[in-house]
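Presented below is the structure to which this report refers.
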2 protein chains.
Amino acid sequence: MTKVKEQNTETVILEAAKEVFQHKGMAGARMQEIADKAGINKAMLHYYYRSKDKLFSAVFASAINLMAPKIMKIINTEDHLFAKIENFTYKYIDFISKHSYMPLFIINELNRNPNLLKDAFANKIENNIEQKLVAQIDDLIAKGEIRSINPEQLLLHIISLSVFPVIGKPLLKNILQKDDKSYKQLIKERQTCVAEFVINAIKL
Amino acid sequence: MTKVKEQNTETVILEAAKEVFQHKGMAGARMQEIADKAGINKAMLHYYYRSKDKLFSAVFASAINLMAPKIMKIINTEDHLFAKIENFTYKYIDFISKHSYMPLFIINELNRNPNLLKDAFANKIENNIEQKLVAQIDDLIAKGEIRSINPEQLLLHIISLSVFPVIGKPLLKNILQKDDKSYKQLIKERQTCVAEFVINAIKL
DNA sequence: GTCTATAATTTGATAGAC
DNA sequence: GTCTATCAAATTATAGAC
């Protein structure tokens, strides 16, 4: 009635695994919980993915392949730097708000095992981001439109301002003494105020 | 010869536990590994701390009680806002660089169990931070020294810029295509350039 | 207080019927 | 492909000697 067609079992498992792994991490995740969430039994997990490790790798790769293009698509445009910043912060904060566990999941698992990226994909992020953006920033500095700034630091600033308040929510909420609703409101405001802040900082 | 005196067993255990829990998380930590690192056997862990849960709580409380005062001490001064910002970013980036696993550890475990803070301490962070700082910022806005800005957002900006590049290192290192040494150099630069960036953003 | 040995439980993985 | 039943290993926790 509602659903046109059942997803196949493999996909159902992967979706359940994403949810459990991203919330509990590799070490904390339980195959039984994934099976329950998928509405099947444990044996099926092994039938489709052989081992917990393999299933985890599929989840991790899926997360990376969802995150990385989002960054690139916005940055690799012909827009003016200020427009890029506005675009990126708005859309990226929106995106990670809806997938708030994903960046933390990635950072965590990368800490446990630094060569996960190599396994997950052949460096799709690559230096594309840098090269084009760095050139654009250096150009604006030369023209005297913005202050002199290290382009890599600027990129770190923008990413930090966008990501950290979302993933650090349980801690920051407490520091600011906010309830869930008003903290969410703060994040929503950041979709525009981060860009404003950054542009104020660099504009001449 | 080298050490003047042996630490007592309880402390040795706690130090070993800190290291393991903060790197592996509650779920990934193994009592055996903690015992090995402490140079004793598993039974001793239970003799002193009864259970893994209890030992974890001791580690978590210790982390909170190390982090929280660091923030307050710097912010609760009579300095000018700009000096506070310079002081905070410089010292805080330095501190978390030396304890890079700690903020991630706290955020993670808080995600798994949001009322850990209540157990760990009776809200030592409290609204002290806010009240005084908010008043100071509002005052400077009224005087026309800085742009109009939501003080809470400014606090989020400063914390994000200080903390995220350190805890997100495994991911950001890859995005910027840096090796360990040059990424560390980037972080070192941030001890001064973050404050410069923030002050530029708000100064009128 | 500290150790060895072991119990009790959890959990990833497999065998085998249907 | 899917299930039930079960194994094998890992892991927290305890008992009891010294």
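All heavy atoms count here, side chains included; hydrogens, waters and symmetry mates do not. Lettering follows sequence order; numbering is per chain, from 1. This is a predicted model, so every value here is computed, not measured.
- Using a 4.0 Å heavy-atom criterion, one finds that A:Met44 contacts the bases of the nucleic acid, with or without backbone contacts as well.
- Taking atom CG of residue A:Leu45 and atom C1' of nucleotide D:dG1, one finds them 14 Å apart after rounding to whole Å.
- Distance B:His46 NE2 to D:dG16 C1': 16 Å, rounded to the nearest Å.
- Atom pair B:Lys52:NZ and C:dT9:C1' shows a separation of 14 Å (rounding to whole Å applied).
- Backbone-only engagement by A:Ala29 is indicated by non-hydrogen atom pairs under 4.0 Å involving sugar-phosphate atoms exclusively.
- Remark: B:Ser51 is not in phosphate contact with D:dT12, judged by side-chain N or O atoms under 4.0 Å from OP1 or OP2.
- Taking the six-membered ring where the residue is Trp, the centroids of A:Tyr92 and A:Phe88 are separated by under 6.0 Å.
- Residue-level contact check: B:Tyr49 touches neither bases nor backbone, having no heavy atom under 4.0 Å from any strand.
- Side chain to side chain, B:Asn108 and A:Asn108 meet the donor-acceptor criterion of an N or O pair below 3.5 Å.
- In terms of position on DNA chain D, the residue among A:Tyr47 and A:Lys42 whose nearest nucleotide sits closer to the 5' end is A:Tyr47.
- Taking the six-membered ring where the residue is Trp, B:Phe82 and B:His80 present perpendicular rings, their angle passing 60° and hence far from 30°.
- Taking atom CG of residue B:Asp36 and atom P of nucleotide D:dA10, one finds them 15 Å apart after rounding to whole Å.
- No donor-acceptor distance shorter than 3.5 angstrom exists from the side chain of B:Asp139 to the backbone of B:Ala135, with no hydrogens or angles considered.
- Distance CG (B:Asn41) to P (D:dG16): 17 Å, rounded to an integer number of Å.
- Summarising the geometry, the separation between CZ on A:Phe21 and P on C:dG12 is reported as 8 Å, rounded to the nearest angstrom.
- With rounding to the nearest 0.5 angstrom, the NE2 atom of B:His157 is 6.0 Å from the CG atom of A:Leu161.
- Here the P atom of nucleotide C:dT11 and the CG atom of A:Leu55 are 16 Å apart, to the nearest Å.
- With distances taken from any side-chain atom of B:Tyr48 to the nucleotides D:dT2, C:dT14, C:dG1, the minimum falls on C:dG1.
- Side-chain atoms of B:Arg30 lie closest to D:dT11 of the nucleotides D:dT14, D:dT11, C:dT14.
- Going from atom CE of A:Met31 over to atom P of D:dC3 covers 15 Å, rounded to whole Å.
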